[in-house]
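We name chains A, B, ... by the order of the sequence lines, and we start the count at 1 in each one. From a predicted model like this one, the values you see are computed outputs, not experimental measurements.
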Amino acid sequence: MQSIKTPKTAPSTIEELMQRARGLAGLSLGDLARAANIQIPANFKTQKGWTGQLIELWLGASAGSKPEQDFPELGVELKTLPLSYSNKPLETTYVCYAPLTNNTGVNWENSNVRNKLQRVLWLPVQGEREIPPAERIVGSPVLWQPNSHQNAQLQHDWEELMDMISLGQVERIDATVGSYLQLRPKAANGSVVTEAIGEDGQIIKTRPRGFYLRKNFTQDILESAFLG
DNA sequence: CGTTGATCATGC
DNA sequence: GCATGATCAACG
């Protein structure tokens with residue numbers, strides 16, 4: 001393995017970001033972890049976000065739990081994407097928390113979903129569970145922006161879901177609603193609750209929800225990128 | 001076997 | 001509890 005090192009600063013241009021990302025392609029997560037002196041888990045049962053955090057380190061993303069893009073100055077969100085042997089996504093992609101109350105004035109244009117998805121750097125990684133994390137190979141990065149059709153469908157899904165949330169139907173939303181986006185529980189465990197709007201407009205307690213991208217959608221994104 | 005709902009680690 | 005990074009695993 002060559003003498004590559006983790007960057008100490010964020011990339012100042014998208015081209016610099018892409019060069020860093022392309023430099024990771026073909027390397028294993030074990031290569032990257034060892035070079036950064038990071039312990040490698042045998043599986044992800046207790047460290048589900050390990051890959052994403054490792055790649056963030058290697059690309060110089062600003063760590064933190066702020067609800068904004070990974071590279072705010074570049075307007076780029078970073079997402080790792082676990083792929084099967086046939087190069088299809090093995091998991092859905094988390095986008096952001098879903099606001100369940102105080103949504104007056106929130107629209108698609110100023111939504112967190114749109115902000116996050118305006119420009120995404122996808123970094124595919126082998127994801128089959130039988131491949132130990134250390135041996136999983138990083139793929140070629142894909143810089144994506146939604147085309148007009150994708151943007152329209154995302155907006156449609158977002159509006160449908162947010163309408164249901166605002167109309168007190170959050171408990172009637174399951175993961176089948178939405179064609180690109182879906183809404184699913186997002187919490188440390190089942191005892192975590194937050195406020196939402198109930199059927200009669202009253203405040204209720206419910207499990208926090210997050211927006212996710214369906215696998216079929218992220219698969220389309222990858223295929224389009226590699227078909228040119 | 002694919003999807004939905006549940007869950008894990010971390011920082012504040 | 002919120003928000004980041006996601007994958008796990010029970011179930012239909």
Give me, pair by pair, the N or O atoms of the protein and of nucleotides 10-12 of chain C that are less than 3.5 Å apart, along with how far apart they are.
none

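- Pairs engaging residues 5-22 of chain A under the salt bridge (Lys or Arg N to Asp or Glu O under 4.0 Å) rule: A/Glu15-A/Arg22, A/Glu16-A/Arg20 [sequence neighbours left out].
- Residues in residues 94-109 of chain A take part in these salt bridge (Lys or Arg N to Asp or Glu O under 4.0 Å) pairs, two or more places apart or across chains: A/Glu109-A/Arg114.
- The base of C/dA3 is not paired with the side chain of A/Tyr94 by any donor and acceptor separated by under 3.5 Å.
- Picking from C/dG1, C/dT7, C/dG5 the nucleotide with the shortest atom distance to the side chain of A/Glu77 gives C/dG5.
- Comparing A/Gln53 and A/Glu91 along DNA chain C, the residue whose closest nucleotide (by nearest heavy atom) sits nearer the 5' end is A/Gln53.
- In the helix from B/dC1-C/dG12 to B/dC12-C/dG1, the terminal helix axes, each the rotation mapping four pairs' C1' atoms onto the next four within five end pairs, subtend 30°, rounded to 10°.
- Of the residues in residues 79-88 of chain A, those placing a heavy atom less than 4.0 Å from an atom of DNA chain C are A/Lys79, A/Thr80, A/Pro82, in numerical order.
- Contact annotation: A/Thr194 side-chain N/O to C/dC2 OP1/OP2 distance is under 4.0 Å.
- Residues of residues 125-135 of chain A having a heavy atom closer than 4.0 Å to DNA chain C, listed by number: A/Arg129.
- First and last contacting nucleotides of DNA chain B toward chain A (any atom under 4.0 angstrom from a heavy atom, 5' to 3' order): B/dT3 to B/dG11.
- Judged as a salt bridge (Lys or Arg N to Asp or Glu O under 4.0 Å), not a single pair has a partner in residues 67-76 of chain A (not counting sequence neighbours).
- Residues from residues 171-188 of chain A placing a heavy atom under 4.0 Å of any atom in DNA chain C, listed by number, are A/Arg184, A/Lys186.
- Among residues at least two apart or in separate chains, salt bridge (Lys or Arg N to Asp or Glu O under 4.0 Å) pairs with a member in residues 163-172 of chain A are A/Glu171-A/Arg209.
- Counting side-chain heavy-atom gaps under 4.5 Å among Ile, Leu, Val, Met, Phe, Trp and Tyr, the cluster of A/Tyr85 also holds A/Ile131.
- Remark: A/Cys96, A/Tyr97 in residues 96-106 of chain A come within less than 4.0 Å of DNA chain C through at least one heavy atom.
- Ring geometry for A/Tyr180 versus A/Phe217: interplanar angle under 30°, hence parallel rather than tilted (30 to 60°).
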